[in-house]
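Quick notes on the structure that follows.
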Amino acid sequence: MAGTVPAERRMVNEIAVAFQHLPETEAAEAVARHIRSFWDPRMRARLAEFVASGAEGFNPVALAAARIVTRPDGAAVG
Amino acid sequence: MSLLKEPDFGTPERPGEATVSVDVDGLSVAVPEGTSVMRAAALAGVDIPKLCATDSLEAFGSCRLCVVEIDGRRGTPASCTTPVADGMRVRTQTPKVAKLRQGVMELYLSDHPLDCLTCPANGDCELQDMAGVVGLRQVRYGYEGENHLDAETDRSNPYFDFDPSKCIVCSRCVRACGEVQGTFALTIEGRGFDSKVSPGAGELFMDSECVSCGACVQACPTSTLQERSVVELGMPTRSVVTTCAYCGVGCSFKAEMRGDELVRMVPYKDGGANEGHSCVKGRFAFGYASHPDRILKPMVRDRITDPWREVGWDEAISTVATRMRGLQERYGPGSIGAISSSRCTNEEVFVVQKMVRAAFGNNNIDTCARVCHSPTGYGLKQTFGESAGTQDFRSVAQADVIMVIGANPTDGHPVFASRMKRRLREGARLVVIDPRRIDLVRSPHIEAAHHLQLRPSTNVAVVNAMAHVVVTEGLVDREFVDARCEGFEEWEEFVARPENSPEATESVTGVPAGELRAAARLYAEAPNGAIYYGLGVTEHSQGSTMVMGMANLAMACGNLGRDGVGVNPLRGQNNVQGSCDMGSFPHELTGYRHVSDDAVRTVFEELWGRTLLSEPGLRIPNMFDAAIDGTFRGLFVHGEDIAQSDPNLQHVTAALESMELVVVQDLFLNETAKFAHVFLPGASFLEKDGTFTNAERRVNRVRSVMRPKAGKHEWEIVCDIATAMGYPMSYDHPGQIMDEIAQVTPTFRGISFETLDKHGSIQWPCNEDAPEGTPTMHVDSFVRGKGRFVVTNYLPTNERTTSRFPLVLTTGRILSQYNVGAQTRRTGNVAWHPEDLLELHPHDAEVRGVQDGDEVTLASRVGKTTLRAQISDRMPPGVVYTTFHHPVTGANVVTTENSDWATNCPEYKVTAVQVGLAHPLGARDADPVREGRPVGVE
Ligand code: SF4
Ligand code: SF4
Ligand code: SF4
Ligand code: FES
């Protein structure tokens, strides 16, 4: 059932896996770009909350990407 | 407009230059080689009498009514089967041919009931016309001899009658079924006087292979095959040319009216998508538009448990406006949003997204295309630079190898399937990639060269393996790739890796390596290889990846930028392409331009006088999540039944229940309306005025044949809501909305109602560079400049079978029904599909003790439903299949929250399930009574 894994965390993990062929930093940037292009700000805010509250359950690229997106300067769509 | 009758030139057009000159009754005319004398005469303005010929069919030469004399030739050849020769002199009216023709007519009429005055075809009968044309004044033979006048009428089909007593055995119906439709359901049984038309071996139409496309009815020159509606209502008196509102083929029709009543729909010969053909839905299934279930008055209620209260338009609109604004005051501007529909016109969709962006002041607008073709938009944009298919339908006639991936065109896109089948009968080779043995794999005169019966969810592994074959066997079109693409080396290195070889992936995909290699070679080596795909590609957790995988393969083989090739999505609903084009995604304005693009936003801001947000809004699944979270409180649902069509319905209904305001606009009180506080009655396609854009980017006019039954056009209602919310929006006519679309969208710059009326239809892009539109895209270069290869890793879906849920469920559709069935279930089409069935392989059935017709439970980790089993070996063992046309089945009760990584398009095509008998202990014989059966036939 949806809700057992928070949607934002599930989604960022899946996006990260789609870019796993890239080197980690590049992959993280690609994931971050994707999120900025397609995610509503409140979803990014929720992502930031998950990262802040312990960052559990993220794969490494997803976590790196989540950190880029939730950096104050990462908020703008780029 | 009076009744529109397209000219019939007798035999089909031949391609090429008009180089052959002939003289017909003193008139000279030049025509392409291979043209018949009959057609040449018609082009010169001379109509030769005919019965067995019509220009949608190859000439047959059986009636002998079309005889002519040709100087220097003996006898009286049939003009329909005689090709022209340069310098030929033809005489169509001589005493000799006149006599012959009268003799032929006399014989026909001697075995024909002469009840013309009471015949339903009176006024529309070619036999009657021809009797007049040849000047027949008497029939010398009586009815004493043997005749066919007592033959019984077959009324088994819900839409047309077959009265063999009127048949002249011209075989136009038989040929239409074969040549045009490609079903070959009809034959002429017997010989000579005993010959007669028959669906199968003496069967009724309903028991035969007939798919009720109506091509035979249209081709029949008499009233032998006659629409029931004409029998009941009489001959129509005027026509309105419009567009079918069912599927993404976008067939053009003449809606033939008698007064204000629609008598029949006749496919329009000049329709670019269908060229005079149709399927059962478009031609016959329009009865829902006048179904008594339609709601015609706005209704409101405070709570979803309250009864509905009918109100006037003003109260309904002010209720929506006030409550929406109230929610924004309490929860913030982003707390409301809208979902638009791919069933609505471009103009309606455009005003809905305008209302959201300008009046709501946010980007929370999404479309039901989210749940079907959003990966197409993403994948084709990333690789080619434009979110649309590359070809027109006509292009398939030039294809040498056709690859159909995750689509079932004979059911989902029947008229395009007929065009495709015609090409396959001419010798093009076919590759089908699908877990299910769709009809196309083996049908009359067609056999797939390869059917790659992959396991559901392994599309990407298969396309990578095909690409592996192409790059490792030296099949890449280097010239094309070097000149026109980028990113090739990285991609080549990736697909060439041993783990992507057909041998390595066989254990995952289930596709034998040898078969896959052969299919890849066939596609790569074809002069023209074309890919057509459907929801079996997109509705996966790797839907976007697969779209890019196919684009990579097509680029590597140079199969882009000309006729006969391309990557072509077969769109589900009629206006999926259009609703995406019209800026219905939360991150894009019209023409697929990102909301963060300042220059683009400025264009809209200046015209609309509002500042637009540069951040994307919520997509449909995100709206549901946010509703449950409490940040999303109000939703306007335009013409969609999300509580039936969207996956993981428990989650959807929980989201809908948690919202404070749900507004539904639809024809019927659908499942979503159960959660609504305001219901706004919509208009059927017969009442709409606007445009639809089909899967080939063709913008077609939809013309209203009657006033909106609920008193207002849907675009007017949306404008009224925006206005009541303090953002005035008004247009006098939908043509003004299209003008606004053209003003803000470069790919639509040259489109207006006037240009559409002039050209019939236009394929975008249409602008200064392409004033008449663009049938084929990416001809000299890609829209994004260079075509981009993208590495496409295969990743297994998270949805795994387990010992509890050991089977994989995949979903699809069937010919006679459409989407959630709200329309088709309210027509005679229920004769073909009264309920959704679960197809189950004999092996899987046997181990569960299930027999054909048993009620079974279908359970996944999220839900459970009951339906009837159909034992079928179309699916491999381990895979079960169902459709989602009936709400009682609720197939989406079991589908999960899994979705495409890039677009959140739900993974409808893969759900781990278990199947069991619903009544295990001998209850089978108890004739289970099913509750909530679908609504009855009209
Ligand atoms: S309705 Fe269509 S499928 Fe049926 S017999 Fe006629 S042409 Fe063939
Ligand atoms: S049913 Fe109509 S089309 Fe068919 S053979 Fe008879 S007259 Fe001709
Ligand atoms: S093929 Fe599609 S558009 Fe054409 S008539 Fe059938 S449903 Fe309508
Ligand atoms: S029309 Fe030519 S033979 Fe019938």
Side-chain angles (χ1 to χ4, degrees), chain A residues 1-24 26-50 53 57-63 65-66 68-78, chain B residues 332 334-335 337 362-364 374 378 460 490-491 494 541-542 544-545 548 585-588 594-597 613-619 621-626 628-629 631-632 647-648 650-652 654-655 790-793 795-798 861-863 896-904:
Chain A
M1 187 75 206
T4 46
V5 179
E8 286 78 6
R9 197 173 72 198
R10 174 171 56 79
M11 289 190 285
V12 70
N13 279 338
E14 283 167 10
I15 300 165
V17 175
F19 289 104
Q20 71 178 17
H21 59 282
L22 297 175
E24 209 168 301
E26 261 179 69
E29 274 160 20
V31 175
R33 258 197 314 275
H34 184 93
I35 290 176
R36 286 184 203 132
S37 299
F38 295 103
W39 285 26
D40 176 269
R42 85 192 72 174
M43 295 165 66
R44 304 207 300 260
R46 298 239 310 160
L47 185 63
E49 278 169 34
F50 293 131
S53 67
F58 288 93
N59 66 39
V61 170
L63 185 59
I68 301 176
V69 182
T70 55
R71 271 200 318 248
D73 64 333
V77 178
Chain B
S335 61
N362 62 43
N363 283 324
N364 295 330
S374 49
Y378 178 86
V460 174
E490 192 193 345
W491 174 79
F494 160 75
S541 59
Q542 281 203 291
S544 292
T545 314
M548 295 189 288
F585 287 130
H587 66 287
E588 275 170 348
H594 203 275
V595 291
S596 64
D597 185 327
L613 291 189
S614 61
E615 297 271 10
L618 293 168
R619 298 175 289 192
N622 315 143
M623 288 180 187
F624 297 148
D625 292 338
I628 287 170
D629 262 13
T631 62
F632 191 70
N648 191 5
Q650 293 87 322
H651 185 61
V652 175
V790 177
V791 171
T792 52
N793 271 304
L795 298 161
T797 167
N798 291 333
R861 66 191 157 85
V862 306
T896 69
E897 77 287 358
N898 288 341
S899 66
D900 173 46
W901 64 271
T903 65
N904 280 170

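Quick note: numbers below take in every heavy atom, side chains included, and nothing from hydrogens, waters or symmetry partners. Chain identifiers are assigned alphabetically (A, B, ...) following the order of the sequence lines, protein sequences preceding nucleic acid strands; residue numbering begins at 1 within each chain.
For Y378(B) and H34(A), the ring centers sit closer than 6.0 Å to each other.
With hydrogens and angles ignored, the 3.5 Å screen pairs a side-chain donor or acceptor of N13(A) with a backbone N or O of N59(A).
The aromatic rings of H594(B) and F38(A) sit perpendicular, their planes meeting at an angle over 60°, well past the 30° parallel limit. Between F624(B) and H651(B), the two ring planes are perpendicular [angle over 60°; tilted spans 30° to 60°].
For D629(B), the part lying under 4.5 angstrom from a heavy atom of chain A is the side chain only. Of the atoms belonging to A654(B), not a single heavy atom falls under 4.5 Å from chain A. When heavy atoms are compared at a cutoff of 4.5 Å, E490(B) approaches chain A solely by way of its side chain, counted from C-beta outward. For N362(B), no part lies under 4.5 angstrom from a heavy atom of chain A. With a 4.5 Å cut-off on non-hydrogen atoms, T631(B) touches chain A through its backbone and its side chain both. For chain A, the nearby parts of L618(B) are the backbone and the side chain; heavy atoms of each come within less than 4.5 Å.
For the pairing with D40(A), the salt bridge (charged side-chain N to carboxylate O under 4.0 Å, His left out) check across R44(A), R36(A), R42(A) returns one residue only, R42(A).
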